[in-house]
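Numbers restart at 1 for each chain; the letters A, B, ... are given by sequence-line order, proteins then strands.
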Number of protein chains: 2
Amino acid sequence: MPPESSPTHPVVAPHAESRQHPVTRPSTGDELRATALAQFASIGFAGTSLQQIADAAGYSKSSVLYHFASKEALLGEVLTPAIDRLEVILGRFVAAPDGTASRRRFVDDFIDFLLEFRLELHTFINQAQSLRGIPVIDRAGLLIVRLSDTLCHEGASTEDRIRFGIALGGAAYTLVAGMTFLNKDIAPADEIRQALSVVITELLAPVAVHTSESRK
Amino acid sequence: MPPESSPTHPVVAPHAESRQHPVTRPSTGDELRATALAQFASIGFAGTSLQQIADAAGYSKSSVLYHFASKEALLGEVLTPAIDRLEVILGRFVAAPDGTASRRRFVDDFIDFLLEFRLELHTFINQAQSLRGIPVIDRAGLLIVRLSDTLCHEGASTEDRIRFGIALGGAAYTLVAGMTFLNKDIAPADEIRQALSVVITELLAPVAVHTSESRK
DNA sequence: GCAGGATTTGACCGATCGGTCAAGTAGGGT
DNA sequence: ACCCTACTTGACCGATCGGTCAAATCCTGC
């Protein structure tokens, strides 16, 4: 029976260290997940073969299928943490009272999400339509729609929707594809974070104004 | 020998009508190009098989390979018109004197380009990294870099680069993927155009200000 | 009607696809 | 020593991959 996924059980190192320092080396499953994610994001799910993933990670194809029931299951395990995180962010946002401060914190949360799960977002964003029917994809799709509806309310203008779409798709592209051939990783990291914050706020702020802080 | 590509020669209908009215039905090559483009954009080049393209277009796989030398050649013919158009737009922009009016016309040209070649742009934008080495892809990559450099000048800030990336990737995403599951094609078409114009100008205007119209 | 190029197609090729299976190795508890 | 579990792997399966080729079929000028 494959090692069950849910929490990657540490087994050793009683003094819990979360990051993969040489003390707690990443498990085989983690290596495979990371390798698969990189391939899914750049070549696409349909275009990535289990053999490629296995070769890139230094295992055999059979080992990949030992750790994950199928290629789709592997995709599910790869994307789930990102979707969980996005769900938390959205939940926190709808729970808080409408207001500028709440909006601002949401944007901050969202940018943290973008930076941490850029590959997962890029994978989902650009392939959701062709992967419809896979549970994890459908779940993510519903989340995105909920997010859009929450940010734009019901009577949102076309411009508001387009602002949200450009922020979402633009960030996903810039942080993954654009990063590696527009600016050759010339990125002081926190400089990127700050620039991203300015632009995303600029894109999503008008939406906030329309819906809750319109005429003060 | 396959029918040569360059200009789709009409053969009939001396009174030239460019659009595919029932009078001049689209040629087999055009049908295949359109079908392939749709598949490349949604499933990805690597994930699309010649069989799928043939089936979707109502031909056999052999027919596809009769009209196009290979899968890569098909990709090339599909993307080339868009790249040609982009090249013209960029050329016109660098030829004109730096100024706000020139910038504004460039944004208009660019939005026309986005709307007309949305599938081509989406295909290239999200798969350029994994398709490096294919001539048409490398050519498009160079164009994008030139475009970025022209818009941002040399000493452009990280924020400027990110603005350009978000505008480019965001528009490509919104017009293709976002369109079909965020807003169920509720799009009065010119309403989309206008909203797009506002948001793209907003994203690229600061770049213009920095480089040429900074301190008036 | 007929010749001849343009087009379409099915049969076929070696390679690779996702996935199954059984044989094997490694190591810890007893 | 023993066994049991976790893990890894190569051989193998039917299906499909991109691509070749030679027979059909279609269409047009004569």
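- Taking atom NZ of residue A:Lys71 and atom P of nucleotide D:dA15, one finds them 19 Å apart after rounding to whole Å.
- Every side chain to side chain contact (heavy atoms under 4.5 Å, CB included) that A:Ser60 has, sequence neighbours left out, goes to A:Ser62, A:Ser63.
- Legend: residues meeting side chain to side chain donor-acceptor pair (under 3.5 Å) with B:Gln194, ordered by chain and number and at least two apart, are absent.
- Of the residues in residues 50-61 of chain B, those with a non-hydrogen atom less than 4.0 angstrom from any atom of DNA chain D are B:Leu50, B:Gln51, B:Lys61.
- Sequence neighbours left out, the pairs with a member in residues 124-135 of chain A that pass side chain to side chain donor-acceptor pair (under 3.5 Å) are A:His122-A:Asn126, A:Asn126-B:Asn126.
- Residue A:Glu31 contributes atom CD, which lies 13 Å from atom P of D:dC7 at whole-angstrom precision.
- Contact check, B:Tyr66 against C:dT7: a side-chain N or O comes under 4.0 Å of OP1 or OP2.
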Expected rows: protein N/O vs nucleotides 21-29 of chain D N/O, under 3.5 Å:
none

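- Side-chain nitrogen and oxygen atoms of B:Ser63 include at least one within less than 4.0 Å of the OP1 or OP2 phosphate oxygen of C:dT9.
- A salt bridge links A:Arg33 and A:Asp30; the closest N-O separation between the charged side-chain nitrogens and carboxylate oxygens is under 4.0 Å.
- Contacts of B:Ala56 classified as side chain to side chain contact (heavy atoms under 4.5 Å, CB included), with partners at least two apart in sequence or in another chain: B:Thr35, B:Gln39.
- Taking atom CZ of residue A:Phe40 and atom C1' of nucleotide C:dG18, one finds them 12 Å apart after rounding to whole Å.
- When rounded to the nearest whole Å, the span between CG of B:Leu75 and P of D:dG19 equals 12 Å.
- The CG atom of A:Leu74 sits 15 Å away from the P atom of C:dC17 (whole-angstrom rounding).
- Residue pairs meeting the side chain to side chain donor-acceptor pair (under 3.5 Å) criterion with at least one member in residues 137-148 of chain B, sequence neighbours excluded: B:Asp84-B:Arg139, B:Glu87-B:Arg139, B:Ser148-B:Arg161.
- Listed by first then second residue, pairs satisfying ring pair (Phe, Tyr, Trp, His ring centres under 6.0 Å) with a partner in residues 26-58 of chain B read B:Phe40-B:Phe45, not counting sequence neighbours.
- Applying the side chain to side chain contact (heavy atoms under 4.5 Å, CB included) rule to B:Ala46 yields the partners A:Ile43; only residues at least two apart in sequence or on another chain are considered.
- Atoms CZ (A:Phe68) and P (C:dG18) sit 15 Å apart, rounded to a whole Å.
- Put simply, the side chain of B:Leu175 reaches to within 4.5 Å of the side chain of B:Leu196, judged on heavy atoms.
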Protein N or O to nucleotides 25-28 of chain C N or O, pairs below 3.5 Å:
none

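- For A:Phe110, the ring-ring contact (aromatic ring centres under 6.0 Å, His included) test picks out A:Phe106, with sequence neighbours left out.
- The distance between atom CG of A:Leu65 and atom C1' of D:dT9, rounded to the nearest whole Å, is 12 Å.
- Considering only the side chain of A:Ser49, C:dC17 comes nearest among D:dT8, C:dC17, C:dT8.
- Between A:His67 and the phosphate of D:dT8, there is a side-chain N or O to OP1/OP2 separation shorter than 4.0 Å.
- Contacts of A:Ala73 classified as side chain to side chain contact (heavy atoms under 4.5 Å, CB included), with partners at least two apart in sequence or in another chain: A:Ala69, A:Ser70.
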